Peer 1: 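Questions regarding the structure given below will be posed in turn.
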Amino acid sequence: MTALELKDLVKKYFNLTEVTEDIVIKDKKEAFAEIKTADGSVTLMYEGELGVGTVLSIHDSEGNVIPAPAGEHLL
């Protein structure tokens, strides 16, 4: 089931209507990057510059993006 099919199913089940608005985002720049750990076992994702204290994320076994475990990650 795709995300769109799930959305339509929920709307139908709860008898919902969709509110639409025209939203314009100008000059929004996001920089995401990925880097592997030293042993190559995990790919860490981050936004902005990489350094001490940078918030890191990983993909779990189901493909969801979750925060990386706290600790030291050798790159």
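Computed from a prediction, not measured in an experiment: that's the story for all the values here.
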Peer 1: Taking only residues two or more places apart in sequence, or in another chain, which ones meet T37 in a side-chain contact (heavy atoms from CB on, under 4.5 Å)?
Peer 2: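 In terms of side-chain contact (heavy atoms from CB on, under 4.5 Å), with neighbours along the sequence ignored, T37 is linked to D39, S41, V42, L44.
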
Peer 1: For E62, what residues pass the side-chain contact (heavy atoms from CB on, under 4.5 Å) criterion, not counting sequence neighbours?
Peer 2: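 Per chain and number, E62 pairs via side-chain contact (heavy atoms from CB on, under 4.5 Å) with D60, N64.
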
Peer 1: Where is the tightest heavy-atom contact between Y46 and V55, given as atom of each residue plus distance?
Peer 2: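 Shortest heavy-atom separation between Y46 and V55 comes out as CB-O, 3.7 Å.
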
Peer 1: Under the rule for side-chain contact (heavy atoms from CB on, under 4.5 Å), what residues qualify as partners of E5, not counting sequence neighbours?
Peer 2: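 E5 satisfies side-chain contact (heavy atoms from CB on, under 4.5 Å) with M1, T2 once adjacent residues are dropped.
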
Peer 1: Which heavy atom of I58 sits nearest a heavy atom of P67, and at what distance?
Peer 2: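 The pair with the smallest heavy-atom distance is CG1-O, 4.3 Å.
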
Peer 1: Using the side-chain contact (heavy atoms from CB on, under 4.5 Å) criterion, which residues pair with S61? Sequence neighbours excluded.
Peer 2: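 In terms of side-chain contact (heavy atoms from CB on, under 4.5 Å), with neighbours along the sequence ignored, S61 is linked to no residue.
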
Peer 1: How would you list, by chain and number, every residue that makes a side chain to side chain donor-acceptor pair (under 3.5 Å) with S57, sequence neighbours excluded?
Peer 2: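 Partners of S57 by the side chain to side chain donor-acceptor pair (under 3.5 Å) criterion come out as none, since no residue qualifies.
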
Peer 1: Among Ile, Leu, Val, Met, Phe, Trp and Tyr joined by side-chain contacts under 4.5 Å, find the other residues sharing a cluster with M45 and list them by chain and number.
Peer 2: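 Direct or chained contacts put M45 with V65.
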
